[in-house]
There are 2 protein chains.
Amino acid sequence: MSRTEGEWMAKNTRAALLDAALRTIGERGFAGASARHIATAAGQNQALVFYHYGTVNDLIAAACRESTEQRVALYRAEFEQAGTLADLLAVGRQVHVTEHAEGNVAVLAQLLAGARGNEVVAAAVADALNLWVVEVEKTLGRVLADSPLLALIDLGGLARSISAGFVGIELLDGVDPDGATRALASLEQLAVLTETLLTELDNLGPVTSRLVKRRLNALTK
Amino acid sequence: MSRTEGEWMAKNTRAALLDAALRTIGERGFAGASARHIATAAGQNQALVFYHYGTVNDLIAAACRESTEQRVALYRAEFEQAGTLADLLAVGRQVHVTEHAEGNVAVLAQLLAGARGNEVVAAAVADALNLWVVEVEKTLGRVLADSPLLALIDLGGLARSISAGFVGIELLDGVDPDGATRALASLEQLAVLTETLLTELDNLGPVTSRLVKRRLNALTK
DNA sequence: GTCTATAGAGGGATAGAC
DNA sequence: GTCTATCCCTCTATAGAC
């Protein structure tokens with residue numbers, strides 16, 4: 001076996017383990033993601049987990065980072081093309097539908113819960129979540145550049161609320177699927193409603209609009 | 001030892017185990033809540049977990065139900081006294097501050113994550129979550145009885161979003177405390193903003209106000 | 001009801017052959 | 001790099017003494 005061939009196989013093994021780690025977490029939960037189960041899902045020998053990644057936690061952390069980078073990169077162009085709040089809402093919808101269907105939101109929820117008292121995983125999942133937050137925050141800042149909202153709400157906080165909200169609803173989905181569907185639908189309604197109110201504010205005529213905006217600004221004091 | 005005395009001790013043991021189960025989940029996460037750790041935290045013998053509750057899962061499920069019933073009962077009067085959206089917001093704030101400080105939100109998050117592939121726990125945590133949702137939904141319905149929002153948003157869905165949102169932010173808190181604080185603050189801002197917009201809508205004068213409401217209603221078609 | 005002891009399964013991690 | 005075999009630990013659950 002040539003040196004190149006050996007390297008290629010090792011790369012394949014490592015990739016298979018990364019992939020299987022997340023798949024296993026999705027199927028069996030964080031607690032069920034043992035080295036044995038992951039290796040079996042990857043079609044690999046259990047000892048290779050430790051040879052390539054040292055510990056199970058390190059494998060899971062690496063899988064979390066690698067996967068999130070890829071998934072976020074997949075949507076980065078769409079985030080950047082969003083010019084209005086409605087556009088961002090549409091991208092958000094698409095991201096959630098796809099990532100939910102792929103099981104990635106459920107995996108993220110399991111990682112967040114499993115991170116309790118697990119520093120290696122906690123650091124990885126914090127970074128991963130931040131990749132999503134940065135995209136949402138950047139886009140929010142752009143589409144709301146002319147909005148009075150900008151002065152009233154911490155967009156970084158809002159971006160984190162949105163991400164955390166999806167995670168929470170995913171966990172609800174695990175114990176009450178109908179409830180989760182209703183929760184998601186109500187947020188859709190709320191988002192559209194807010195967007196409409198903001199638009200209407202600009203259509204009310206300058207006097208009324210300025211009056212409302214002044215009262216909103218009074219909130220921050 | 002009299003019969004009464006024996007019963008009293010057994011009740012104490014059972015209560016100690018229930019309490020320790022949730023404390024252990026809070027301190028060590030769902031995966032760390034083994035019969036041994038729980039029993040030690042309760043100052044009891046490990047075998048008593050199985051004598052009194054059969055399995056660890058059944059103990060955890062019982063603890064989840066019992067604790068949630070008590071906690072929700074603690075706030076029921078305050079929910080019922082809330083007459084405006086601002087009142088509800090104030091109660092919600094108080095509930096979150098207290099329950100977060102007691103660690104109960106973190107425990108709920110761990111239970112939700114641990115419920116994956118665990119039917120006994122899943123059923124218990126679904127019921128527990130529902131106790132909170134029912135209170136919020138009832139109160140929302142009452143304080144929004146005269147609001148145009150009632151026709152535009154599924155209040156049951158909204159109540160579930162709020163509960164799920166707190167859970168998500170609690171998980172974020174585990175890996176990024178500053179981010180969680182910002183997320184929570186931004187939701188506060190958003191809630192106050194929405195409440196203000198709804199109030200302003202009524203203060204705009206009847207013509208403008210009716211115009212906006214008509215446009216909002218058009219959303220539902 | 002409570003205790004000790006232990007069976008039996010599964011998990012992390014390593015040694016050493018190939 | 002990969003495999004088998006194995007050590008040692010923790011876990012659930014039960015048996016049986018008290």
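Below, chain A is the first sequence line, B the second, and so on; all start at residue 1.
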Inset, instruction - Please determine if B:Arg142 and B:Glu80 form a salt bridge, counting it only when a charged side-chain N lies under 4.0 Å from a carboxylate O. - result: no
Tell me, which of [range] have any heavy atom that sits under 4.0 Å from an atom in DNA chain D?
range	value
residues 30-37 of chain B	B:Ser34, B:Ala35, B:Arg36, B:His37
residues 51-60 of chain B	B:Thr55, B:Val56
residues 109-119 of chain B	none

Can you see which heavy atom on [X] is nearest to which on [Y], and at what distance?
X	Y	value
B:Cys64	B:Leu22	N-CD2, 4.2 Å
B:Gly26	A:Arg116	O-NH1, 3.2 Å
A:Thr68	A:Trp132	CG2-NE1, 3.7 Å

Could you tell me how far apart [X] ([atom1]) and [N] ([atom2]) are, to the nearest whole angstrom?
X	N	atom1	atom2	result
A:Leu48	C:dA13	CG	P	15 Å
B:Lys11	C:dT2	NZ	P	13 Å
B:Leu17	C:dT2	CG	C1'	12 Å
A:Phe50	C:dA15	CZ	P	13 Å
B:Ile38	D:dA13	CD1	C1'	14 Å
B:Asn45	C:dT2	CG	P	9 Å
A:Asn12	D:dT2	CG	P	9 Å
A:Gln46	D:dG1	CD	P	18 Å

Legend entry - Beyond-backbone contact of B:Phe79 with B:Val72, side-chain heavy atoms, under 4.5 angstrom: no
Inset, instruction - State, yes or no, whether a side-chain contact exists between B:Leu140 and B:Leu85 at a heavy-atom distance under 4.5 Å. - result: yes
Legend entry - Pair A:Thr181-A:Asp178, side-chain donor/acceptor within less than 3.5 Å: no
Inset, instruction - Whenever both distances are under 3.5 Å in a Watson-Crick or G-U wobble pair, mark it; put DNA chain D into dot-bracket that way, with [ ] for crossing pairs and | when the partner is on another strand. - result: ||||||||||||||||||
Legend entry - Qualifying residue, where the test is side-chain contact (heavy atoms from CB on, under 4.5 Å) with A:Val125 and the options are A:Ile60, A:Val107, A:Leu112: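 Checked A:Ile60, A:Val107, A:Leu112 against A:Val125; only one passes side-chain contact (heavy atoms from CB on, under 4.5 Å): A:Leu112.
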Legend entry - Residue among A:Gln110, A:His37, A:Arg23 satisfying side-chain contact (heavy atoms from CB on, under 4.5 Å) with A:Arg28: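 Between A:Arg28 and the candidates, side-chain contact (heavy atoms from CB on, under 4.5 Å) is satisfied uniquely by A:His37.
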Legend entry - Nearest-neighbour nucleotide for the B:Thr13 side chain, D:dA13, C:dT2, C:dA13 considered: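 From the listed options, C:dT2 comes nearest.
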Legend entry - Pi-cation contact, B:Tyr51 with B:Arg14 (under 6.0 Å, within 45°): no
Inset, instruction - Not counting sequence neighbours, which residues clear salt bridge (charged side-chain N to carboxylate O under 4.0 Å, His left out) with A:Asp154? List them please. - result: B:Arg182
Legend entry - Set of residues satisfying salt bridge (charged side-chain N to carboxylate O under 4.0 Å, His left out) with respect to B:Arg76, sequence neighbours excluded: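 With neighbours one apart ignored, the set is B:Glu135.
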Inset, instruction - Tell me what B:Gln44 touches on the nucleic acid: a base, only sugar-phosphate, or nothing, going by heavy atoms under 4.0 Å. - result: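 Nothing, no heavy atom under 4.0 Å.
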Inset, instruction - Mind checking the CG-CG spacing from A:Leu152 to B:Leu190? Nearest 0.5 Å is all I need. - result: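 So the gap between those two atoms works out to 10.0 Å.
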Legend entry - Interatomic distance, A:Ser161 atom OG to B:Leu184 atom CG [nearest 0.5 angstrom]: 7.5 Å
